[in-house]
There are 2 protein chains.
Amino acid sequence: MTHVTRMLGRMAAGAKKDRPRLSRDVLVTAAIALADAEGLEAVTVRRLAQLQGVAPTALYWHFRDKEQLLDGMAEHLFTEVVLPEARPDDWAGELRDVLAAVVAVVRPHPEVARLMPTRVLASPAGLRLTDRALGLLRAAGLPAGPIGGIGLFLLSSSVAMVAAEPGRRLPKDPQEREDAVRVKHASFMALPPRDFPAVVAFADQLSDCVDPDDYYAFNLDLLVTGIERTAARLHEPA
Amino acid sequence: MTHVTRMLGRMAAGAKKDRPRLSRDVLVTAAIALADAEGLEAVTVRRLAQLQGVAPTALYWHFRDKEQLLDGMAEHLFTEVVLPEARPDDWAGELRDVLAAVVAVVRPHPEVARLMPTRVLASPAGLRLTDRALGLLRAAGLPAGPIGGIGLFLLSSSVAMVAAEPGRRLPKDPQEREDAVRVKHASFMALPPRDFPAVVAFADQLSDCVDPDDYYAFNLDLLVTGIERTAARLHEPA
DNA sequence: ACCTGAACACCGTTCAAGT
DNA sequence: ACCTGAACACCGTTCAAGT
């Protein structure tokens with residue numbers, strides 16, 4: 001933890017005067033790094049201030065309250081999503097690109113992902129993504145009524161996919177990680193196969209993500225295919 | 001807030017001796033009610049103790065720490081899901097029933113929903129749901145490799161659907177709610193239509209859930225249809 | 001404009017002690 | 001077995017004051 005502090009902070013030994021000026025962005029970035037390293041609950045006003053070599057109350061010049069700091073963390077990741085180029089006559093492919101772009105940015109930050117499903121509409125960056133998604137759903141020919149809710153769900157579930165990735169939050173040290181996975185695996189294998197046949201059968205997949213790329217590819221396809229099929233059914237009704 | 005306290009607690013005026021004995025279940029239920037009424041951040045060890053007319057440290061007889069209390073809240077909702085009966089020769093319909101059963105239980109508790117995507121595998125009740133879902137995916141004929149990750153995602157995104165419902169966390173008082181919705185709607189309409197054409201077009205749907213039942217029905221169909229189509233493609237390849 | 005210092009109410013948790 | 005009381009380290013936030 002001292003070791004982590006040294007990596008995240010910037011005050012090795014009393015370099016107190018020449019502190020690079022504070023800013024919203026510096027604080028948000030540091031908060032995300034802190035969440036990545038030690039989890040969301042380690043992100044406290046006082047801890048963050050200490051890492052910047054500043055009084056806790058200094059943060060309140062840049063944020064109205066802690067909630068706004070958390071909003072800023074979510075917004076920052078939404079901002080970093082690079083929107084794919086348009087694909088005329090292939091709304092499904094483009095939609096997949098949009099969701100994949102979101103996943104690509106969020107994947108390295110599974111802890112921050114937990115903040116995002118409820119904040120899609122809370123920033124211009126999130127709205128930009130929402131707008132793109134809704135436009136594509138309209139292009140798909142879906143009925144106008146449910147489009148808003150569907151678009152919101154697509155973005156939310158894409159980030160939820162990251163938060164729910166099996167094996168997220170396991171120790172990153174390979175040694176410790178292996179041990180933790182084994183313990184988890186054993187706990188599944190200890191279940192009565194009579195009551196949990198499938199959990200026992202797929203214990204390895206639930207203990208850790210066997211192939212993360214496959215996990216994301218398959219589930220993104222699932223979402224896009226669902227939209228595609230629903231749209232297709234509108235044109236060739238039962 | 002005093003008013004809420006009176007409803008959630010059980011000490012109107014000094015009824016101190018005849019306090020119905022504490023238990024894990026009583027505490028978990030009270031915690032869920034508190035989250036429903038005032039949000040997840042209102043759920044503190046001390047607040048909960050006060051509502052039960054008990055010393056804060058009393059909770060530590062029943063829970064190792066606060067994390068375990070939160071685990072208990074998520075577990076409690078998973079426990080309340082009533083599994084649908086089997087549908088031989090209709091795995092898709094049965095899968096939809098399972099996910100719908102989860103949604104039905106979680107819908108009244110959107111705040112608690114935020115705890116659940118990361119806790120699907122953390123309790124027997126969650127594992128029971130997972131087992132059922134995985135069994136159905138196997139019945140669908142999906143390749144074994146990604147089934148674990150898909151099942152986990154289906155359950156996670158079902159509860160994420162609740163957490164992301166547009167208009168969640170709005171005041172329940174109809175008067176206040178209407179005001180809040182109007183403000184939200186206006187903020188969307190104030191966006192430049194050049195940059196946010198779709199958000200402007202669907203502003204009403206994003207401000208509040210026009211028809212919650214439709215929201216859930218459509219998005220659940222989306223998930224199930226996605227699985228169905230993917231499975232079908234395996235039998236009639238390109 | 002940007003930050004400090006003191007102060008306040010509240011938080012999770014421990015541990016020894018009571019019944 | 002179940003709960004209290006005292007104590008500790010930490011938390012978010014306010015406000016007046018400094019530069």
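Chain identifiers are assigned alphabetically (A, B, ...) following the order of the sequence lines, protein sequences preceding nucleic acid strands; residue numbering begins at 1 within each chain.
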Distance, rounded to the nearest Å, where Arg64(B) contributes CZ and dC2(D) contributes C1':
19 Å
Between dC11(C) atom C1' and Leu40(B) atom CG, what is the distance in whole Å?
15 Å
Distance below 4.0 Å between Arg21(B) side-chain N/O and dC2(D) OP1 or OP2:
yes
Choosing from dT13(C), dC3(D), dT4(C), which nucleotide comes nearest the side chain of Asp65(B)?
dT13(C)
Less than 4.0 angstrom between a side-chain N/O of Thr57(B) and OP1 or OP2 of dT4(D), yes or no?
no
To the nearest angstrom, how far is Arg46(B) atom CZ from dC3(D) atom C1'?
16 Å
Indicate yes or no for a side-chain donor-acceptor contact from Tyr215(A) to the backbone of Gly148(B) under 3.5 Å, with no hydrogens or angles considered.
no
Ser23(A) or Val45(B): which one's nearest nucleotide on DNA chain C is closer to the 5' end?
Ser23(A)
Would you kindly give the NZ-to-C1' distance between Lys66(A) and dC11(C), to the nearest whole Å?
11 Å
Rounded off to whole Å, could you give me the CD-to-P distance for the Gln68(A) and dT13(D) pair?
10 Å
Calculate the interatomic distance between Tyr60(B) atom OH and dA6(D) atom P; express it in whole Å.
18 Å
Run Arg119(B) and Glu67(B) through salt bridge (charged side-chain N to carboxylate O under 4.0 Å, His left out) and show every step you take.
CA-CA 11 Å; Arg119(B) 285 173 170 90; Glu67(B) 187 65 18; 2.9 Å; yes
d(CG, Leu22(B); P, dT19(C)) in whole Å
19 Å
Nucleotide opposite dT14(C) in a Watson-Crick or G-U pair, distances under 3.5 Å
dA6(D)
Quickly work out the Trp61(A) CH2 to dT14(D) C1' distance and round it to whole Å.
15 Å
How far does SG of Cys209(A) sit from CG of Asp204(A), to the nearest 0.5 angstrom?
11.0 Å
dA1(C) OP1/OP2 closer than 4.0 Å to side-chain N/O of His62(A):
no
Looking at dC10(C), I'd like to know if its phosphate oxygens (OP1 or OP2) sit under 4.0 Å from a side-chain N or O belonging to Arg47(B).
no
Between Arg128(A) and Phe78(A), does the side chain to side chain contact (heavy atoms under 4.5 Å, CB included) criterion hold? Intermediate values first, please.
CA-CA 9 Å; Arg128(A) 189 181 45 119; Phe78(A) 282 129; 5.8 Å; no
Is there a side-chain contact between Arg19(A) and the phosphate of dC3(C), meaning an N or O under 4.0 Å from OP1 or OP2?
yes
My understanding is that a pair needs two contacts under 3.5 Å, Watson-Crick or G-U wobble. By that rule, which nucleotide pairs with dA1(C)?
dT19(D)
Glu111(A) (side chain) donor-acceptor with Leu40(A) (main chain) under 3.5 angstrom
yes
